[in-house]
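Count residues from 1 along the sequence.
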Amino acid sequence: MRLLLISGFLGSGKTTLVIRLAHAAIQAGQRVAVVVNEIGEIGVDDQVLRQHELDVFELLSGCICCTLSVDLISTLQKLDSEYAVDLVIVEASGAADPRGMLSALPYYKGTPLESVRSLVLLDPTRLEMLMEVLTPLITSQIQHAHTILISKADLASAGELAYARRTAEDVNPEAAVISAAVKDGLDPGLVAELLPWLS
Ligand SMILES: Nc1nc2c(ncn2[C@@H]2O[C@H](COP(=O)(O)OP(=O)(O)OP(=O)(O)O)[C@@H](O)[C@H]2O)c(=O)[nH]1
Ligand SMILES: [Mg+2]
């Protein structure tokens with residue numbers, strides 16, 4: 001079982017990406033579980049995901065990260081023991097810091113995970129404002145990503161894209177930084193970066 005954690009502030013494009021990635025993986029013959037938590041508009045998300053005929057396992061906790069982590073572990077154990085899942089994609093709440101989920105993973109006692117990847121989406125049209133008012137959260141999200149996706153590239157100005165890239169590279173020089181407009185479809189290069197074992 002492989003795990004892909006998707007974080008990013010509210011409205012940054014997580015669900016849009018999750019649906020497309022899940023489809024790409026399903027088309028490649030993988031069994032995929034999508035895990036969402038129950039905060040904010042997640043009821044809407046759940047419906048959207050169900051319309052796309054994906055399995056949805058809701059995390060029944062609130063939005064607090066440590067609680068989410070505990071439930072993430074029991075959800076992963078269930079997916080491991082009861083479902084032959086190849087890929088688990090977790091859409092974290094926009095207010096969640098992936099650090100909480102990553103630090104809970106040692107408590108997972110199922111079949112060892114084949115890979116754990118953390119992806120963070122940055123909405124370039126709002127990043128500068130968010131960095132001003134929510135610096136610790138956004139900074140920590142960026143720090144705990146293997147891959148940073150600058151989303152909504154179609155809506156952003158050249159200046160906003162450059163600011164997002166600079167911020168991503170300054171805060172986390174080790175991460176791969178990609179910009180894309182996921183709404184219009186998934187670039188094969190993006191799939192190869194995020195789900196490299198598919199090809
Ligand atoms: N123009 C454009 N819009 C996008 C893109 N990706 C997502 N959106 C739109 O942005 C809005 C938010 O997208 P979601 O995928 O729901 O974002 P989210 O991060 O899951 O949102 P929350 O779960 O509420 O935090 C929706 O109206 C999407 O259609 C993109 O690449 N370009
Ligand atoms: Mg969402």
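- Side chain of Ser103 to main chain of Gly100: a donor-acceptor pair is present (N/O by atom type, distance under 3.5 Å, no hydrogens or angles).
- In this structure, Gln141 contributes its side chain and Ala95 its backbone to no donor-acceptor pair below 3.5 Å.
- Distance check: Ser140 OG to Asn172 CG gives 10.5 Å after rounding to the nearest 0.5 Å.
- To the nearest 0.5 Å, the span separating CZ on Phe9 from CG on Asp123 amounts to 10.0 Å.
- Ser115 contributes atom OG, which lies 8.0 Å from atom CG of Leu4 (distance to the nearest 0.5 angstrom).
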Tell me, with the steps shown, if Val171 and Ile148 meet side chain to side chain contact (heavy atoms under 4.5 Å, CB included). CA-CA 11 Å; Val171 175; Ile148 297 164; over 6 Å; no
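- Distance alone, capped at 3.5 Å, places no donor-acceptor pair between the Lys14 side chain and the Ala92 backbone.
- Within the 4.5 Å cutoff, the side chain of Thr139 has heavy atoms near those of the Met131 side chain.
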Val182 vs Leu190, side chain to side chain contact (heavy atoms under 4.5 Å, CB included): CA-CA, chis, key distance, verdict: CA-CA 9 Å; Val182 171; Leu190 183 59; 4.2 Å; yes
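- Note that the CG atom of Leu137 and the CD1 atom of Ile142 stand 9.5 Å from one another [nearest 0.5 Å].
- The closest side-chain heavy-atom distance from Thr147 to Arg117 is below 4.5 Å.
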- Message: Please evaluate residues Ile6 and Leu21 with respect to the criterion side chain to side chain contact (heavy atoms under 4.5 Å, CB included), reporting the C-alpha separation (whole Å), side-chain torsions for both, the decisive distance (0.1 Å), and the verdict.
- Response: CA-CA 11 Å; Ile6 300 193; Leu21 282 177; 3.9 Å; yes
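- Taking CG of Leu5 as the start and CE of Met101 as the end, the distance is 5.0 Å to the nearest 0.5 Å.
- Side chains of Leu155 and Glu160 form no contact here, defined as non-hydrogen atoms less than 4.5 Å apart.
- Nearest heavy-atom pair across Leu198 and Ala25 is CD1-CA, 3.8 Å.
- Side-chain contact between Tyr163 and Leu127: present, with at least one pair of heavy atoms (C-beta onward) separated by less than 4.5 Å.
- The CD atom of Gln143 sits 8.0 Å away from atom CZ of Arg99, with the distance rounded to the nearest 0.5 Å.
- Across all their heavy atoms, Ile73 and Ala104 have their closest contact at CD1-O, 3.4 Å.
- For the pair Leu186/Leu194, no side-chain contact is recorded, criterion being any heavy-atom separation below 4.5 Å from C-beta on.
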- Message: Pair Met1, Thr111 - check side chain to side chain contact (heavy atoms under 4.5 Å, CB included), show working.
- Response: CA-CA 8 Å; Met1 199 162 78; Thr111 312; over 6 Å; no
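- Side-chain atoms of Asp187 and Ile178, non-hydrogen and from C-beta on, never get closer than 4.5 Å to each other.
- Proximity of a side-chain donor or acceptor of Arg2 to a complementary backbone N or O of Ile89 within less than 3.5 Å is not detected.
- Pairing each heavy atom of Leu121 with each of Ser12, the nearest pair is CD2-O, 3.5 Å.
- Nearest approach of Gly110 to Gln77, heavy atoms of both residues: N-OE1, 3.6 Å.
- Put simply, the side chain of Asp80 reaches to within 4.5 Å of the side chain of Tyr108, judged on heavy atoms.
- A donor-acceptor contact shorter than 3.5 Å is absent between the side chain of Ser179 and the backbone of Ala153.
- Looking only at distances, a side-chain donor or acceptor of Asp86 sits under 3.5 Å from a matching main-chain atom of Arg31.
- Just one residue in the list Leu122, Val177, Asp170 forms a side-chain contact (heavy atoms from CB on, under 4.5 Å) with Arg165, and that residue is Val177.
- The shortest side-chain heavy-atom distance between Val120 and Pro98 falls under the 4.5 Å cut-off.
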